[in-house]
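Here the structure comes first, spelled out in structure tokens, and everything after it is commentary.
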Amino acid sequence: MKLNLRSIAIASVLGMAALSAQANLTIPINFTVSNSVQKFPDEVLGAMGLAYITIEARGTATTVGTVFQTEGQTNNNAYNMPITKIVIGNALNIASGSAVGSALVFSRYDMDTGTRFLQLTLANFTIDYVRKQVLADVTPLGKPTVKQQAIYNYHVATPLALKYKFPVSITGHEVLDKLMLTPETKASYTQALELQTYEVFALDLDYGSLTQDISLKLRARPISTTPYVAK
């Protein structure tokens, strides 16, 4: 009964959004089993390993997928980021979706001395369907955060499709691929991780895919909607 009532409530909100002329209607979905998974290609993980860069999931993000190892550096190839909200645009479509609270931290140690620590944090991800970009808060270690910087341009491999089932069930699936770093994020990686000339080639690689699965199934505990703050 609880699931049905919550599902009906969400469906009602979506229905009202479809009838509303208002733009930017935010719908929280942090209590539903809705997730975004980024999968990195082996080529990118290999380049990171050669540069002694590790990826760590923080906040509400978790590691999934399989382990990839290069030059002693071990990284998972996929990371799950719970979707916390969607925004309905003035065209009555989904204008954006966000994973507030999730973070991926890219860290680099100086292997000659074993002491110097470099870090770049990407957090609070948003897929902007209007601009066709992925945004995130970008924070180099010890420096100010750039809020919602465009980090990737993307290609739509599988368009978002919502399916309705009786009595009240809504699911959605989408795949965005060919994630290409924006010029400003290439600069962020280069400066924060002190990439050398022979290492920056990796910034022109395809950074993989984002797969979004939306469901009205309830989580055992709602995901926190507190934005992740880089440490």
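Atoms considered below: every heavy atom in the structure, side chains included; atoms not considered: hydrogens, waters and symmetry mates. Sequence positions, counted from 1, serve as the residue numbers for this chain. Keep in mind it's a predicted model, so treat the numbers as computed, not measured.
- For the residue pair T66 and N77, a side-chain donor N or O sits within less than 3.5 Å of a side-chain acceptor on the partner.
- Nearest heavy-atom pair across T60 and S224 is CG2-O, 4.3 Å.
- Ring geometry, Y207 versus F40: the interplanar angle exceeds 60°, so the pair is classed perpendicular (tilted spans 30 to 60°).
- Formation of a donor-acceptor pair under 3.5 Å by the Y79 side chain with backbone atoms of N76 is found in this model.
- Heavy-atom minimum distance, S36 versus L210: OG-CD2, 3.6 Å.
- Contact check for K132 versus Y154: side-chain heavy atoms found under the 4.5 Å cut-off.
- Side chains of F117 and L141 form a contact here, defined as non-hydrogen atoms less than 4.5 Å apart.
- With hydrogens and angles left out, the side-chain atoms of T185 and T182 include a donor and acceptor closer than 3.5 Å.
- For the residue pair N35/Q212, the side-chain donor-acceptor check at 3.5 Å is not satisfied.
- Annotation: side chain of Y228 is not in contact with side chain of F125 (no heavy-atom distance under 4.5 Å).
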* Yes or no on side-chain hydrogen bond (donor to acceptor under 3.5 Å, both in side chains) for T126 and S98, after CA distance, side-chain angles and deciding distance? -> CA-CA 4 Å; T126 295; S98 298; 2.9 Å; yes

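- Side chain of T145 to main chain of V138: no donor-acceptor pair is present (N/O by atom type, distance under 3.5 Å, no hydrogens or angles).
- The line from CD of Q69 to CG of L45 is 12.0 Å long, rounded to the nearest 0.5 Å.
- Using a distance-only test at 3.5 Å, with no hydrogens or angles considered, no donor-acceptor pair links the side chain of R108 to the main chain of L118.
- Of all heavy-atom pairs between L181 and Y189, the closest is CD2-CE1, 3.8 Å.
- Side-chain contact, T158 with E174: no donor N or O sits under 3.5 Å from an acceptor N or O.
- Between atom CG of residue L176 and atom OG of residue S209 there is a gap of 8.5 Å, rounded to the nearest 0.5 Å.
- Under a cut-off of 6.0 angstrom, the local environment of NZ in K186 is crowded, with over 12 non-hydrogen atoms contributed by other residues, nucleotides or ligands.
- The residues R58 and E56 are annotated as salt-bridged, a charged nitrogen and a carboxylate oxygen being separated by less than 4.0 angstrom.
- Going from atom CG of D204 over to atom CG of D206 covers 11.5 Å, rounded to the nearest 0.5 Å.
- Across A61 and S102, no two heavy atoms sit closer than the pair N-OG, 3.6 Å.
- Looking at heavy atoms from C-beta onward, T225 lies out of side-chain contact with K85 at the 4.5 angstrom threshold.
- Under the 4.5 Å side-chain criterion, counting only non-hydrogen atoms from C-beta, N75 is in contact with T54.
- Side chain of N124 to main chain of V100: no donor-acceptor pair is present (N/O by atom type, distance under 3.5 Å, no hydrogens or angles).
- A donor-acceptor pair shorter than 3.5 Å cannot be found between the side chains of D128 and Q133.
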* Would you check, one step at a time, whether the test side-chain hydrogen bond (donor to acceptor under 3.5 Å, both in side chains) holds for Q149 with D137? => CA-CA 6 Å; Q149 175 176 305; D137 294 345; over 6 Å; no

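- For A157 against D177, the heavy-atom pair with the smallest separation is CB-OD2, 3.5 Å.
- Within a 6.0 Å radius of CD in E43, other residues, nucleotides and ligands contribute 12 heavy atoms or fewer.
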